[in-house]
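What follows is a single structure, written as structure tokens, with notes after it.
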Amino acid sequence: MTALSYRDLPWDELVQDDRVHRTVYTDPTLFPEEMRKLFGGVWTYLCHASELPEINSFKRVRMGLRPLIVTRTGESEYHALFNRCAHRAATVCQEESGRAKRFTCSFHGWTYTNDGKLLAAAYPKGYGEGFKKCDHGLKKIAQVEEYRGFIFGTLNPEMPPLDEYLGAAKDYLDYFIDRAPGKELIVQSGAYRGVYHGNWKICWDNAADGYHPAFGHRSLFEMTRLRNGGDKGGTHFSRDPDDSPMYCKTFPFGHGLLYQRAGMGESLWERVRPTPGGEVLEESLIENVGEKAAFEALEGAPGAGLNLNIFPNLLIIGNQILVVEPLAHDKTQLTWYATTLLGAPDEVNQLRMRIAEDFPNFGEIDDMESFERCWEGLQAPEAEWIFMHRGLQNPPERVEGKDGVTKVPTTDEAPMRNYLAYYREIMEKEVPLVVA
Amino acid sequence: MSSLNETSSLEITRPRPSTYLTDAYYSELIAWRDEAATYGPATQADVVAECTSFLNYEARLLDTRRFADWLDLFTLDCVYWVPAAPDGDPRREVTVSFDDHRRLEDRIIRFETGFAHNQEPGRRLRRIVSNVEAWEADDGLSRRIMANAHVFEARNAKPRSEFVVGLDYWLARSDESSWKIRVKRSHLINSQDGLEAPTFL
């Protein structure tokens, strides 16, 4: 019999080793559960510390569907407050970001400090003497932790520390960050946002997928071949990627990696497609610092050659931070934050802007089209399964000295199996969610 | 009678070096953008009429997917600019698109490969352009046009996309009687929201 709701099957049948049931994507009643238990039940990326550059900075974000305000109250003191008045639920902050010591609800005037305490309720005598302000602060995310600027939160007191959650995936996050001469990433350059009609997990299925580029991005590779030839663009995917030095890895807690860098030769800068202003900036840099230093610095302009996926919502791709923001079971926003490198020459950071615009305009749009085609195909209830068994017949190579990390060929679907196994683990159990 | 989508194809050439996006060019661009607020009503009726006709022609080229002909409307030192933030400096901030002539050629050639899944099979495009105001500089060498556009894009079996943009053009005189676009800035009213991959705005 055809299962029409995810409730028709136990979790170990919905997500199997080799396949996943369509209702895990299509059932609209599963979505609120995911947004509650996953986004918040595990460490969820909130924002970057450099987006809160001063004390009293704030930024609005979402954790699943929960509207939050992340605030900074000290040198490295962050709070993630529910953007929800404790009185009748109106949001108390409308600006996307800025500086504020207090947030006042525009509905009845309740005012809160930026660490969430209720400062005053208007006309207090109407509440009588039993009213305690300390009972009516903004709810907040109990655990907020930072790793090298990346701020995460969880409502689940049983989660291991963030450091353990990121585990060996930190090696690649470090590699991404350490491309900055000052060893810090700066996220103050705006964002490009795309949206597609389809479930958010379709994007995750693709997040470390080395199988699709030659087909999904054929227009981009073909254009690059016609125009530029040589090794520009994505030529490292044009032959069987499993015969290249590229690889994928899987990590505990659902994280994954597609390491393109190994197949991209010596210089990343040489492989960049022609970029608006590229020649001008290269020349200016050579003039300022000399040829040798210029070309060293220019290596910091393009993407790092990795797709690193930190479950459930943070992808490192190109020279950007991509945040997956599910809006509904059938609608997903992808927010590409541009980043700059602390200590890099202005020319390099300027180039990063124009390079950041390349893939969303020339590559991701075809990915989003593929995701929407999957979504349309998923509307056939009787075709129940999505397959992810490519490479399953081969025992994965364990990475020595890294607990639970495996290394697989580029087109292996192990990263998809890996995140869905962890997804299932969370979804099939009760997860304690505690607000402060 | 012709079909809805005409074609015009771009000759595939090795790209020319792009040497004009200098710091001075960016500075000039930002100054030009910020000057918009100083413009009063457009009073040169002939300029407004000519520019309206120009915009309608441009809209028709885009709507019938004659992208190569559309690109012919641009100078070789052009910028097609779709900001992500209203007041950002594109030297320090990412945009939706900040294309020089070469990147515009790349886009059009990508469409023409036939493998641009996002464009296949044939997106249908239509746009309504209105609120046209236009001014010619005293020296007669440049014009500015501001207008609004409501752009529709339809695909098979997919929801229709709509985009609302404020348009701002810098035209440069090409010869006695014709003009080319040096800058086209298309400012989406919801540039901070998730976009459904617009073709050209």
Side-chain angles (χ1 to χ4, degrees), chain A residues 96 188-197 215-224 226-229 273-281 283-284 320 325 327 331-338 340 346 349-350 352-354 356-358 360-362 364-370 372-373 376, chain B residues 12-26 79-80 82-85 88-120 155-159 161 190-199:
Chain A
E96 284 308 313
Q188 286 176 357
S189 300
Y192 173 101
R193 292 175 174 87
V195 78
Y196 69 88
H197 296 269
F215 311 95
H217 299 301
R218 187 165 173 186
S219 67
L220 174 54
F221 296 168
E222 185 68 2
M223 179 278 281
T224 310
L226 290 169
R227 288 277 273 168
N228 312 113
R273 265 184 293 281
T275 301
E279 290 88 335
V280 177
L281 293 166
E283 198 175 302
S284 152
Q320 288 143 295
E325 301 182 82
L327 302 176
K331 197 173 183 189
T332 307
Q333 179 165 300
L334 301 174
T335 299
W336 301 71
Y337 288 95
T340 52
D346 288 348
N349 282 331
Q350 187 176 324
R352 283 174 74 90
M353 299 302 108
R354 299 294 85 80
E357 288 148 7
D358 181 290
N361 276 289
F362 287 87
E364 185 63 16
I365 51 174
D366 284 340
D367 278 335
M368 294 203 301
E369 178 70 23
S370 298
E372 293 190 341
R373 291 177 186 187
E376 192 185 350
Chain B
I12 294 162
T13 54
R14 286 294 155 114
R16 278 179 299 272
S18 172
T19 54
Y20 59 91
L21 280 180
T22 60
D23 206 52
Y25 188 105
Y26 275 102
V79 163
Y80 166 70
V82 184
D89 181 337
R91 282 171 291 200
R92 284 182 278 281
E93 287 175 49
V94 74
T95 69
V96 176
S97 303
F98 193 92
D99 293 6
D100 58 2
H101 199 277
R102 182 172 62 190
R103 196 171 257 186
L104 283 172
E105 294 163 26
D106 285 348
R107 275 184 202 268
I108 294 167
I109 288 169
R110 191 184 78 86
F111 291 164
E112 290 176 359
T113 62
F115 302 110
H117 308 315
N118 149 282
Q119 291 287 330
E120 301 291 341
R155 295 174 289 161
N156 292 352
K158 301 283 191 330
S161 305
N190 61 338
S191 60
Q192 307 271 312
D193 291 348
L195 300 176
E196 295 169 333
T199 302

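Within every chain, numbering begins at 1; the chains are lettered A, B, ... in the order of the sequence lines, protein sequences first and strands thereafter. Heavy atoms only: backbone and side chains are in, while hydrogens, waters and symmetry mates are out.
Both the backbone and the side chain of A:Glu357 come within less than 4.5 Å of a heavy atom of chain B. Residue A:Tyr337 does not touch chain B at all, counting heavy-atom pairs closer than 4.5 Å. Heavy-atom distances place both the backbone and the side chain of A:Tyr192 under 4.5 Å from chain B. Both the backbone and the side chain of B:Pro17 come within contact range of chain A, judged by heavy atoms closer than 4.5 Å. Heavy atoms closer than 4.5 Å to chain A are found nowhere in B:Ala85, neither backbone nor side chain. Contact of A:Glu372 with chain B is made through backbone and side chain together, with heavy-atom distances under 4.5 Å. Contacts of B:Pro198 with chain A are absent, with no heavy-atom separation under 4.5 Å from either backbone or side chain. Of the two parts of B:Arg91, the backbone and the side chain both hold a non-hydrogen atom closer than 4.5 Å to a non-hydrogen atom of chain A.
A side-chain donor from one of B:Arg107 and B:Ser97 sits under 3.5 Å from a side-chain acceptor of the other. No donor-acceptor contact under 3.5 angstrom links the side chains of A:Glu222 and B:Thr113, judged on distance only.
Between chain A and the residues B:Thr95, B:Thr22, B:Asp89, the largest count of heavy-atom pairs under 4.5 Å involves B:Thr95. Note: A:Pro276 leads A:Pro276, A:Gly277, A:Gly194 in heavy-atom pairs under 4.5 Å with chain B. No other option in B:Gly88, B:Pro159, B:Gly114, B:Ser191 has as many heavy-atom pairs under 4.5 Å with chain A as B:Pro159. Contacts with chain B were tallied for A:Arg227, A:Arg373, A:Arg354, A:Gln333; A:Arg227 has the most, counting heavy-atom pairs under 4.5 Å. The candidate with the highest count of non-hydrogen atom pairs below 4.5 Å against chain B, out of A:Glu376, A:Glu96, A:Gln320, is A:Glu376. Contact tally against chain B (heavy-atom pairs below 4.5 Å) for A:Thr275, A:Thr332, A:Leu220: the top residue is A:Thr275. The candidate from B:Asp193, B:Val94, B:Asp99, B:Leu21 with the greatest count of non-hydrogen atom pairs under 4.5 Å with chain A is B:Val94. Among B:Ala157, B:Ala84, B:Pro90, the residue with the largest count of heavy-atom pairs under 4.5 Å with chain A is B:Pro90. Note: A:Val280 leads A:Leu327, A:Asp346, A:Val280 in heavy-atom pairs under 4.5 Å with chain B. Between chain B and the options A:Ala338, A:Pro274, A:Gly190, the largest number of non-hydrogen pairs under 4.5 Å is found for A:Pro274.
The residue from B:His101, B:Arg102, B:Arg103 that alone fulfils the side-chain hydrogen bond (donor to acceptor under 3.5 Å, both in side chains) condition with B:Glu105 is B:His101.
Nearest approach of A:Arg352 to A:Thr340, heavy atoms of both residues: NE-CA, 3.9 Å.
For A:Glu279 (side chain) and B:Thr19 (main-chain N/O), no donor-acceptor pair under 3.5 Å exists by modelled atom type. With B:His117 contributing its side chain and A:Phe215 its backbone, the two residues share a donor-acceptor pair below 3.5 Å.
Scored by the salt bridge (charged side-chain N to carboxylate O under 4.0 Å, His left out) test, B:Arg110 finds A:Asp366 as partners (sequence neighbours excluded).
Between B:Tyr25 and B:Tyr20, the ring-plane angle classifies as tilted under the 30° and 60° cut-offs.
Residue A:Ser189 holds its OG atom at 7.5 Å from CG of A:Asn349, rounded to the nearest 0.5 Å.
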| task | Determine, stepwise, if the pair A:Arg273 / B:Asp106 fulfils salt bridge (Lys or Arg N to Asp or Glu O under 4.0 Å). | result | CA-CA 10 Å; A:Arg273 265 184 293 281; B:Asp106 285 348; over 6 Å; no
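More than 12 heavy atoms of other shown residues, nucleotides or ligands fall within 6.0 angstrom of atom CD in A:Gln188.
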